[in-house]
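Protein chains get the first letters and strands the later ones, always in sequence-line order, with residue 1 at the start of each. Computed from heavy atoms alone, side chains included, the values below leave out hydrogens, waters and symmetry copies.
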Amino acid sequence: MKVKLENLSKRWGKVVGVEGINLDINDGEFVVFLGPSGCGKTTTLLMVAGIYKPSGGIIRFDGRVVNEVGPKDRNIGMVFQSYALYPHMTVMQNISYPLRLMKTPKSEMIERSQRVADMMGIGELMDRRPAFLSGGQQQRVALGRALVKEPELLLFDEPLSNLDARLRLSMRSEIKRLQIDLGITSIYVTHDQVEAMTMADRIAVMKDGQLHAYDTPTEVYDRPRTLFIARFVGNPPMNITEVDVSQTNGAYHASSEGLELVIPADRGEKAAAKGSVMMGIRPEDIMIDSEGIPGEVFGVEPLGRDHLIDVKIGDIHYYLLVDPSLNLKSGDRVKLGFNTKKCQFFDKKTERSLLWN
Amino acid sequence: MALRKRIWSSAPYLLLVISVVPIMVGYLWLLINSFSTRTEGLLPVGELTLNNWSFLLETPFGRGYPSIWRVTLNTFLIASFMTITVVLVSSLAGYALSRLNFPGRRQFLSLTLILHAFPSVTLLIGIFFVLRTLSLYNTLIGVGLVMVGFEMPFGIWLMKGFFDNVSWDMERAALIDGASRLQVWWQIIIPTLKPGIAALAIFAFVSGWNAWLVPKTFTIGAGKQATLSVYLQNFQGDTVAVDWGTVTAVGLFQLIPVALFFIFTQDLLLSIYAGGAKGGS
Ligand SMILES: Nc1ncnc2c1ncn2[C@@H]1O[C@H](COP(=O)(O)OP(=O)(O)OP(=O)(O)O)[C@@H](O)[C@H]1O
Ligand SMILES: [Mg+2]
């Protein structure tokens, strides 16, 4: 099912939940809403679900306006962070509840619920109450309940936040695989950008109730349209510094205290027009380089496979990933090379990208 | 070492037992006294007797007075009416107050709180006039309605509190699963609140069963509309000596249903469902 949000807004008196969201979701697409806490992800999702009435704008399912359609007539399934299972019902009763409400014949109800439960790997637990299940099992029940009526749209509100890291990883790929197999259009809310990057066909980045970007994960990662996106997407986050970009002898240079970089012409040209700009560069685009710019190691943070080190050039800190076998310690002198082909430039005032707008 | 540990771990029980003893002695005396002609301390003087229980067969006040069974029925009717009405109205009103945002919600909430705190004695005269105007004075239904009115603010407030603790997500999930608002209320929320509702039902029933002030005020003497408490009071006449044996027997008789009620519902009261969420909101 195709979903279209046109200028969607939600306000409670003076409180703005979301403002002017425009979004197009294709049939079978997996869209992730990504943004910090309080940016309006849940609000948007609940409007799509029909729980909240929009204050303005239009929601379309396959072209049909559904603003006034109640949740039960939207044919959607939803999974909540809190699982929201019915504590007085067994797993079987939980999963079959949507079918019971549709007055499905009992035998069919049991058969379909069992099939979904088997698919979720909880077929053995049908007689248990939710209180006697682990968090992961509860989440599977919630997923089964959302799937059992074969909805045309699946909504997820941070479904994995309450699970431990390992389980989160396996559930993540399981949900993604399921979604691909079943081909159900899905909206998935998270503030975990790794989840967003790995699962999404397209990511909608939100902040303060507004949509900042709506694009594929690689686009969002490689071509951040605002400083906010650049900072928010990517882990460890992008290094952001203030630089002056100017052209001398046909080459573009970005300079700040102790730093002097040559910038490729296509990027430099756009930045030089502004002069003083914010430059962003990802940790993986900075490396130890004997020909590079000298700095001093300020801190080392072991991440397992890599060490995240904090190098001070002048007064500015740069973060980068290095091989642990280099055995760097605080106070060591290093030289850094910058992959300037990947650097981003943003307007200092509007915080919009100078490259991708 | 082990002994000291044992003593420490049994200390709370000891404390409980000590504090319960006076109450138990009271009940014990009630029981013994109701089967004796006279007691000296806890011990009966002379033979045990069933005389005190003769009120079950014939009314001690003579003709024109209702039998104990009629009075029991009255009391039961009032208590049941109260239970059903209070539970039904409170759970609907509590749900609305907890979940829906309607004009006047805040005012209504503070009003119920004020009414709950209001000393009901001061209202008796006013209510007397209201009941007389409505021709409900000296009727069971009149007494029942007044008592429901007195109990309602507490019930509504209690139920609102219970509903406040039901997660919104659960309700939203049910709506999305295809339930109507009434179905959500009846199939999802009420069942998860069973222990709370049972508690309210017991409160309402017991306070109806034991009520004295309202029935005493709005019915005439030990007439056809008397409840057990009013009936019991008739034994303390001003002209004749109080027959404590019968008083204890009637008191015990009044106690039996309440005790049974608790025995049968305490399982329900204690079986509070663990929520479906682990750490969720
Ligand atoms: N029922 C409501 N009444 C008033 N304001 C609300 C209501 N629901 C949400 N808001 C406000 O709307 C904004 C967006 O909230 P929302 O719950 O959509 O955030 P979110 O992106 O889901 O955050 P989180 O990641 O913490 O779940 C917040 O500022 C919140 O305070
Ligand atoms: Mg949220």
Handout entry: Phe102(B)-Phe108(B) aromatic ring centre distance below 6.0 Å
Key = no
Problem - More than 12 heavy atoms from other groups under 6.0 Å of OH on Tyr13(B) - result: no
Exercise for the section: Look at the rings of Phe156(A) and Tyr188(A) and say which category their plane angle falls in: under 30° parallel, 30 to 60° tilted, over 60° perpendicular. Expected result: tilted
Fill in the blank from the handout: Within residues 93-103 of chain A, contacts to chain B at heavy-atom distances under 4.5 Å involve Tyr97(A), Pro98(A), Arg100(A), Leu101(A)
Handout entry: Aromatic centroids of Tyr52(A) and Trp12(A) separated by under 6.0 Å
Key = yes
Practice task
Classify the angle between the aromatic ring planes of Phe205(B) and Trp209(B) as parallel (below 30°), tilted (30 to 60°) or perpendicular (above 60°).
Solution key: parallel
Handout entry: Glu195(A) bridged to Arg172(A) by N-O distance under 4.0 Å
Key = no
Practice task
Pick one of side chain, backbone, both or neither for Gln183(B), based on which atoms fall under 4.5 Å of a heavy atom in chain A.
Solution key: both
Exercise for the section: For chain B, find which of Met89(A), Arg74(A), Arg145(A) contributes the most heavy-atom pairs closer than 4.5 angstrom. Expected result: Arg145(A)
Handout entry: Distance-only polar pair, side chains of Asp127(A) and Thr90(A), donor-acceptor under 3.5 Å
Key = no
Handout entry: Engaged part of Ile76(A) at the chain B interface, taking heavy atoms whose separation is under 4.5 Å
Key = both
